Amino acid sequence: MRLLKTPFSLLPQLKFYATCGLAFALALGCFAARQAHARKPAAAAAATKPAGERARFEVIEDLSESLANDLLELSLATRDRDLERTAQFFPAKLNAASYPARPQPLKDSVKWVKTHDWATSTAESVASANKTLRQIGKEEFLADWAQFLAHFSEIEDSRFKVKEANFDEGAQAVAGAKEPTAVVGATGKARVAFYVIGRDTEGKREWARGVANVVVRYDASNRWQFDSFSLASLDSMVATSDLFSEVAIPAGVGASLPAFGSAGNGGFVWHGAAASDFNRDGLIDLFVTAPARNFLYLNDGKGRFTDASDAAGVKLLATGVAPLVFDYDNDGDSDVFVSNVGAQVLFENRLVPDGKLEFRDVSQESGVGGLTAIGFSAVAGDVNSDGRQDIYVTSYNRYGQITPDSWFRATNGTPNLLLVNQPDGTFKEEAKRWGVDDSRWSYAAAFADVNSDGRIDLYVANDFGEKAMFINQGDKFTDEARERGVLDPGNGMGVSFGDYNNDGLLDVHASNMSSTAGNRILARLFPNQSPKENVLKKLAAGNNLFENQGGGNFKDVTSEVGGFGGGWAWGGGFIDFDNDGWEDIYTPNGFISGKSMKDT
């Protein structure tokens, strides 16, 4: 699906491959689709440019998108080891060195990960081989490329991405083309990042990653071709052991659901899962929501799960978006709250007192069924220190029907809910009273005592905007995100607390979206500004890690400890993958998978 074509007078074509649906596609791809948002910094910069320069920018970005689209086709050809299709991207002769296809000895890197460099058949390193390019036939270059790919016993994914592109003054795009297309003969230079992920010949997981400086030309075959290919870097990361394997089907949890947008799955929301020991046998089970039903999977302790949805009575009960497991009635078993678009849902686990695992829908009698929201997620915590778990529901809005009133500071979401647990087992909605009826496009939240005062605080991730850090004052919350260093503008879709540096203080990880194309365009518009200086660059930058400095004051250490470009990032957070006592970070990403890699 192609993004909206935005007039330059509003904002310079900040578009990338997405669906203009939730989150970052909106912030960049659809950013200027409404005149009301023309006050943004990029729009102001665009408006000051001469007409000729504006028109040229349009052409350059069409050429960049055309190149990026072709490189997605090259990605597929690489993944499929299709050398015949790969050859279409190379002229008969090109300026290049022999491609380094010989893996070098492994070197220790960190924990279970090792690295290795690559060398040519004559033992030249990448740096040495690319000092002096020469004219070689594409057969020679592709023979080395094929040898490089032969190092992988299987290839799971491959991707070529345009990090930067500049085109010669005479290079033109085809005016009015349905898809961005170059005029034959267009030339330019680009910096291209690429990777191949799979398993090496010994079966170890490997991620080969490189960057190349290339000269490109649009050929009469209607393909961009590499007239010059110079590697700036190439190395591989190798896992010495498999920590995880995909076992959903043999484990019994590989349920197949209708594809998003098809009959039976036509809503605009996603669904989630939660883990707990529902039958109190010492094993972790799973509760999963789906478009038309719920799943309850019980762990048999032998590496498999049994679908107990019917037996436990949850299959045909009300469903919703995201399940939250907590013991709402303090009877010792795990109940389930489901945040929902519409009425909220609460299931009581009857293991206690009945002695049988069975769930009962108590939404109406508990009072949650009369509360509506665009509930995308929920978290539980005791906000008033009365020994009962309360519920906070993050409420989004109906994107597609409602347009955010800002792409980086939107306030026209729907009010979040705070359901305070009462002594009689009912819930009372008190978000406004507590000061947490946030009406931004809230996606996720987490409770934690960030300032060590014995009261739980609340961090909320908002799409199209800034985050909230609600500090618990005992009878109300106050938003101190800015003062505490965690305002973090971005397309936030996940938050989590963990102690990444083992100093005894809770740090914060926030999942935000990042975009290769967005960064490419913004680098052209604002070459001398960083994400801290330019909110648009921040929207394209990705996840953030905030280190607790003590007292609940935080420092952004993202660039110091790694940088976290998570793509279309969702939830995730801290987990000690390898049981070494240090918190690792996991971030899922992705959106809708289409038939073409131009879809997200």
Side-chain angles (χ1 to χ4, degrees), residues 19 21-27 260-261 265-274 287-291 294 318-326 336-346 363 368-369 371-381 390-405 407 410-419 429 431 436-447 458-468 470 488 490-496 509-513 543 566 568-573 587-592:
T19 62
L22 299 172
F24 192 62
L26 287 162
F260 179 82
N265 191 7
F268 76 102
V269 299
W270 276 250
H271 302 271
F287 191 100
V288 184
T289 59
N294 301 303
T319 189
V321 181
L324 165 69
V325 177
F326 74 126
V336 179
F337 175 86
V338 182
S339 60
N340 193 25
V341 176
Q344 307 307 293
V345 178
L346 179 62
S363 305
V368 307
L371 301 170
T372 60
I374 312 296
F376 270 26
S377 68
V379 290
D390 311 303
I391 306 168
Y392 189 72
V393 179
T394 61
S395 190
Y396 201 69
N397 209 335
R398 294 183 180 272
Y399 182 75
Q401 301 176 30
I402 305 295
T403 302
D405 57 6
W407 298 120
T411 58
N412 65 332
T414 55
N416 297 344
L417 307 178
L418 177 61
L419 313 183
E429 206 291 297
V436 291
D437 55 334
D438 200 328
S439 290
R440 289 174 282 186
W441 294 64
S442 299
Y443 221 113
F447 280 119
L458 177 65
Y459 193 51
V460 182
N462 297 305
D463 209 353
F464 317 116
E466 298 161 337
K467 296 175 179 63
F470 292 111
D488 190 33
N491 293 280
M493 305 214 283
V495 298
S496 60
H509 178 262
S511 298
N512 301 311
M513 303 188 71
N543 300 348
W568 199 300
W570 298 91
T587 302
N589 77 27
F591 192 40
I592 303 168

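Note that this is a predicted model, so its numbers are computed, not measured.
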Any idea which heavy atoms bring [X] and [Y] closest together, and the distance?
| X | Y | value |
| --- | --- | --- |
| Val288 | Ala273 | CG2-CB, 3.9 Å |
| Leu458 | Ala445 | CD1-CB, 4.0 Å |
| Thr372 | Gln344 | C-NE2, 4.2 Å |
| Ala461 | Val495 | CB-CG1, 3.5 Å |
| Ala373 | Val393 | CB-CG1, 4.5 Å |
| Asp488 | Tyr459 | CB-OH, 4.0 Å |

Can you check whether [Y]'s main-chain N or O pairs, donor with acceptor, with [X]'s side chain at less than 3.5 Å?
| X | Y | result |
| --- | --- | --- |
| Asn491 | Asn512 | no |
| Thr289 | Val321 | yes |
| Glu466 | Gly490 | no |
| His271 | Gly320 | yes |
| Ser363 | Val368 | no |
| Asn340 | Gly342 | no |
| Asn589 | Gly566 | yes |
| Ser511 | Gly571 | yes |

Partner set under side-chain hydrogen bond (donor to acceptor under 3.5 Å, both in side chains) for [X], not counting sequence neighbours:
| X | value |
| --- | --- |
| Asp390 | none |
| Thr411 | Asp405 |
| Thr394 | Ser377 |

Would you give the length of the straight line joining atom [atom1] of [X] to atom [atom2] of [Y], rounded to the nearest 0.5 angstrom?
| X | Y | atom1 | atom2 | answer |
| --- | --- | --- | --- | --- |
| Thr414 | Asp438 | OG1 | CG | 10.0 Å |
| Asn416 | Glu429 | CG | CD | 9.5 Å |
| Thr319 | Asn294 | OG1 | CG | 4.0 Å |

Do [X] and [Y] have side-chain heavy atoms sitting under 4.5 Å apart?
| X | Y | answer |
| --- | --- | --- |
| Ile402 | Asn412 | yes |
| Phe470 | Leu418 | no |
| Asp463 | Tyr399 | no |
| Ser442 | Ser395 | no |
| Trp441 | Asn462 | no |
| Met493 | Phe376 | no |

Practice task
Measure up the Phe464 and Tyr396 rings against each other and bin them: parallel (under 30°), tilted (30 to 60°), perpendicular (over 60°).
Solution key: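 Judged by the thresholds at 30° and 60°, the geometry between Phe464 and Tyr396 is tilted.
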